[in-house]
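Notes follow the structure.
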Amino acid sequence: MRGKTFDEIQVGDTGSFSKTITESDIHSFSAITADFNSIHVDEVYATTSSLGQKMGGRIAQGMLSASLFSTLVGMYIPGKGALYVSQTCNFKRPVKIGDTIKAECTVIEKMEKFRIRMRTCCINQRNEIVIEGEAIAIAARKIEDVV
């Protein structure tokens, strides 16, 4: 997949992709981040604790779902040659094992120094927003940096 240079990117450009969250994803993310919070990895805790009952059982780490934004920036818009500068996240709903999460971004502003601002969100298979926020990335300047 080819990225876009700053000059090729237009306000309104969008990107998206979907991923189904698996138990293996949660365990792998725990291994990478050392986030072994019981609400993520312990079925008994997640079904018997007050927090687990409120969440409806085990949930994926919020940052696991938010990490899908990195795929949007690095692979879709701007894509190859981009550098992530910032990301805000507002977590709206829990993500469960088996949920299919669609990560989306829309370019809302082209800024100085080759930066672009994007609206970001993750939506589950019930069309519910689970995360929303904004990202800023630096787009590649030259075509040879995105090929």
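- There is a side-chain donor-acceptor pair under 3.5 Å between T120 and Q87.
- Transitive grouping of hydrophobic side chains (ILVMFWY, heavy atoms separated by less than 4.5 Å) keeps V95 and I59 in distinct clusters.
- Note that CG of L72 is 7.5 Å distant from SG of C122, once rounded to the nearest 0.5 Å.
- Residues I129 and M55 are members of separate hydrophobic clusters, defined by side-chain heavy-atom contacts under 4.5 angstrom among Ile, Leu, Val, Met, Phe, Trp and Tyr.
- Scanning for ring-ring contact (aromatic ring centres under 6.0 Å, His included) contacts around F29 gives an empty result, with sequence neighbours left out.
- For the side-chain contact (heavy atoms from CB on, under 4.5 Å) with M111, the qualifying choice from I138, I136, V85 is I136, the only one to do so.
- Hydrophobic clustering (ILVMFWY, side-chain heavy atoms < 4.5 Å, transitive): M63 and V73 are in one cluster.
- Rounded to the nearest 0.5 angstrom, M118 CE and I108 CD1 are separated by 9.0 Å.
- Between atom CD1 of residue I39 and atom CG of residue L51 there is a gap of 4.0 Å, rounded to the nearest 0.5 Å.
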How far apart are the C-alpha atoms of S18 and T100, what are their side-chain angles, what is the distance that settles it, and do they pass the side-chain hydrogen bond (donor to acceptor under 3.5 Å, both in side chains) test? CA-CA 7 Å; S18 297; T100 298; over 6 Å; no
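- Placement of F91 and I123 in two distinct hydrophobic clusters is found when ILVMFWY residues are connected by side-chain heavy-atom separations under 4.5 Å, directly or transitively.
- There is a path of hydrophobic side-chain contacts, each under 4.5 Å, that joins I97 to V130.
- Donor-acceptor pairing under 3.5 Å is lacking for the side chains of S28 and D25.
- Ring planes of F17 and Y76: parallel class, angle under 30° (limits at 30 and 60°).
- At distances below 3.5 Å, at least one donor-acceptor pair connects side-chain atoms of K110 with backbone N or O atoms of I9.
- The closest side-chain heavy-atom distance from F69 to C105 is not below 4.5 Å.
- The CZ atom of R115 lies 6.0 Å from the NZ atom of K113; values are rounded to the nearest 0.5 Å.
- Smallest separation of non-hydrogen atoms from G52 and S49: N-OG, 2.9 Å.
- Using a distance-only test at 3.5 Å, with no hydrogens or angles considered, a donor-acceptor pair links the side chain of R58 to the main chain of H40.
- Within the 3.5 Å criterion, the main-chain N or O of N37 finds a donor-acceptor partner in the side chain of D35.
- Applying the side chain to side chain contact (heavy atoms under 4.5 Å, CB included) criterion to D42, with sequence neighbours excluded, gives S38, V44, Y45.
- Listed for the E104 side chain is no donor-acceptor partner under 3.5 Å among the backbone atoms of S16.
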Could you go through Q10 and V107, starting from their C-alpha distance and side-chain angles, then the distance that decides it, and tell me whether this counts as side chain to side chain contact (heavy atoms under 4.5 Å, CB included)? CA-CA 7 Å; Q10 301 298 316; V107 176; over 6 Å; no
side-chain hydrogen bond (donor to acceptor under 3.5 Å, both in side chains) between Q61 and S30: does it pass, once the steps are laid out? CA-CA 8 Å; Q61 298 90 337; S30 292; 2.8 Å; yes
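- Qualifying salt bridge (Lys or Arg N to Asp or Glu O under 4.0 Å) partners for R117, counting only residues two or more places apart in sequence or in other chains: E109, E134.
- We find the CG-CD1 distance between L64 and I21 to be 4.5 Å, quoted to the nearest 0.5 Å.
- In this structure, D99 contributes its side chain and I101 its backbone to no donor-acceptor pair below 3.5 Å.
- Side-chain contact between C121 and I131 is absent, with no heavy-atom pair separated by less than 4.5 Å.
- We find that D7 and R141 are not joined by a salt bridge, their nearest charged nitrogen and carboxylate oxygen being 4.0 Å or further apart.
- Note: K96 NZ to E23 CD = 13.0 Å, rounded to the nearest 0.5 Å.
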